[in-house]
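Just so you know, these numbers come straight off a predicted model, no measurement behind them.
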Amino acid sequence: MGIPVGKCMMFAAAGVPPAKLLPITVDVGTENAELRESKSYVGIRRSRASQEEYDSLMDEVIYSLRARYGERIMIHWEDLGGFNAFNLLTRYKDRICTTNDDIHSTAVVSVSGIIASLQ
């Protein structure tokens, strides 16, 4: 996932109190060995997590956030690949309020543009 601070600024500009936002980045490794060995690489220096490890880690993250902040949280996923984006939305849709930037936000902007152009 990308660095989410910019997205927090957008939510704050829309009126969400900054104290209510918690940007986190979950690093699951990379298959790019050259990048992994680079001195400037700041990520975890391991091969990408398997799908099973990834799902288990995301479960732990989500349940830890719910345990700490309660059920009135919203998870806004950012910069996930297509499979993981749909997988996470489906996996948690009945458990937490969850959105994906690349899926939901793009659709909202597209529909808004169509509606505005029709007026």
Side-chain angles (χ1 to χ4, degrees):
M1 289 188 277
I3 299 172
V5 175
K7 193 59 67 174
C8 284
M9 291 168 48
M10 184 191 76
F11 278 109
V16 178
K20 299 288 185 182
L21 301 170
L22 177 65
I24 63 171
T25 298
V26 179
D27 187 346
V28 295
T30 179
E31 291 304 314
N32 185 330
E34 184 179 338
L35 176 62
R36 206 171 42 232
E37 301 306 319
S38 168
K39 290 180 182 181
S40 62
Y41 182 63
V42 296
I44 188 169
R45 295 179 187 276
R46 64 162 271 182
S47 294
R48 186 167 175 80
S50 68
Q51 193 63 48
E52 185 177 297
E53 291 172 314
Y54 182 91
D55 290 342
S56 178
L57 176 61
M58 289 302 156
D59 282 345
E60 187 175 337
V61 168
I62 295 301
Y63 295 122
S64 296
L65 289 169
R66 278 189 68 186
R68 172 61 180 88
Y69 297 104
E71 294 187 18
R72 294 188 60 193
I73 63 170
M74 181 186 94
I75 305 296
H76 176 90
W77 305 101
E78 181 82 25
D79 296 334
L80 299 174
F83 174 80
N84 285 324
F86 285 103
N87 182 44
L88 292 169
L89 288 173
T90 302
R91 187 178 187 93
Y92 300 116
K93 71 178 181 176
D94 296 327
R95 299 180 224 177
I96 59 170
C97 178
T98 181
T99 70
N100 179 282
D101 184 67
D102 296 325
I103 297 169
H104 297 106
S105 299
T106 301
V108 167
V109 169
S110 298
V111 170
S112 297
I114 291 169
I115 291 170
S117 69
L118 294 173
Q119 294 177 359

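At distances below 3.5 Å, not a single donor-acceptor pair connects side-chain atoms of Ser56 with backbone N or O atoms of Glu52.
Just one of Asn84, Asp59, Val26 meets the side-chain contact (heavy atoms from CB on, under 4.5 Å) condition when paired with Tyr54; it is Asn84.
Looking only at side-chain heavy atoms (C-beta outward), Arg66 and Tyr92 stay at 4.5 Å or farther from each other. Counting heavy atoms from C-beta on, the side chains of Leu89 and Trp77 come closer than 4.5 Å. Two residues are said to be in side-chain contact when any heavy atoms from C-beta on lie closer than 4.5 Å; Leu88 and Ile62 fail this criterion.
In this structure, Met58 is a member of the same hydrophobic cluster as Phe86, with clusters built from ILVMFWY side-chain heavy atoms closer than 4.5 Å.
A distance of 8.0 Å separates CG in Leu65 from CD1 in Ile96, rounded to the nearest 0.5 Å. Taken to the nearest 0.5 Å, the CD atom of Glu34 stands 13.0 Å off from the OH atom of Tyr41. One finds the CZ atom of Arg36 at 9.5 Å from the CZ atom of Arg46 (value rounded to the nearest 0.5 Å). To the nearest 0.5 Å, the span separating CG on Leu35 from CZ on Arg45 amounts to 8.5 Å. Rounded to the nearest 0.5 Å, atoms CG (Asn32) and CZ (Arg48) are 12.0 Å apart.
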Worked check of side chain to side chain contact (heavy atoms under 4.5 Å, CB included) between Ile24 and Val61: CA-CA 10 Å; Ile24 63 171; Val61 168; 4.0 Å; yes

